[in-house]
S.K.: 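There's a structure below that I have some questions on.
Basis for what follows: all heavy atoms, side chains included, without hydrogens, waters or symmetry-related copies. As the structure lists them, so they are numbered: ligands from 1, and atoms in each ligand from 1.
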Amino acid sequence: MRQFVCPACGAANRAPDGKDPKAAKCGRCKQPLFSARPAEVDAVALRAHRAGTRGAAVLVDVWAPWCGPCRAMAPNFAAAATSLEPDVRLLKLNADAEPQAASELGVSGIPALILFEDGRTIARTSGVMSAPQIVAWTRQTLATSGDRS
Ligand code: ZN
């Protein structure tokens, strides 16, 4: 059983086996569960995605509007969503708007990527990456993270 959190309303949605989650709509607000692009989150929404995502990973891009490298990486991160969804939920956290959340994640330099599985941090990296690098890093990390059943 996989479970995904709706980016629009934050509701946890169970995805039936054998159905493509990318075609699924939220049971509460009827918005698509996936849109092939990263979802902007605040601290509360990030917590909901970490707690409510099951059988899939969560990848967070921590960025800030004044950060040139962050802006340079934004289209790469967005492009990575098309290949990583629905195995990975891609989120963006604005460190300026959510400094407490960014600091709790242990972020020192941005752009930073943090990968969660079952709510736990399993890997982090920082610096500008291309879309293929983001996809490769994420898949490689998940492949070696142990139990993926
Ligand atoms: Zn919803």
S.K.: In Å, rounded to the nearest 0.5 Å, how long is the span from CG of Leu90 to CG of Asp61?
M.R.: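 Between atom CG of Leu90 and atom CG of Asp61 there are 8.5 Å.
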S.K.: How long is the straight-line distance from CE of Met1 back to CG of Asp17, given to the nearest 0.5 Å?
M.R.: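 If we round to the nearest 0.5 Å, Asp17:CG and Met1:CE are 9.0 Å apart.
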S.K.: With rounding to the nearest 0.5 angstrom, report the CG to CZ distance, Leu91 to Arg50.
M.R.: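 The CG atom of Leu91 sits 11.0 Å away from the CZ atom of Arg50.
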S.K.: Should the pair Arg89 and Phe34 be classed as cation-pi, given the thresholds of under 6.0 Å to the six-membered ring centre and 45° from the axis?
M.R.: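 Judged by the rule, Arg89 and Phe34 form a cation-pi pair.
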S.K.: Would you be so kind as to tabulate the donor-acceptor pairs closer than 3.5 Å made by side chains of residues 95-103, with sequence neighbours excluded?
M.R.:
from   : atom 1 : to     : atom 2 : distance (Å)
Asp96  : OD1    : Trp66  : NE1    : 2.9
Asp96  : OD2    : Trp66  : NE1    : 3.0
Gln100 : NE2    : Glu104 : OE2    : 3.2

S.K.: Under 2.8 Å from the Zn ion (ligand 1), which protein atoms of type N, O or S occur, listed by chain and number?
M.R.: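 Listed by chain and number, the atoms are Cys6 SG, Cys9 SG, Cys26 SG, Cys29 SG.
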S.K.: Given side-chain contact (heavy atoms from CB on, under 4.5 Å), test Gln31 with Cys9 step by step and report yes or no.
M.R.: CA-CA 9 Å; Gln31 294 296 305; Cys9 75; over 6 Å; no
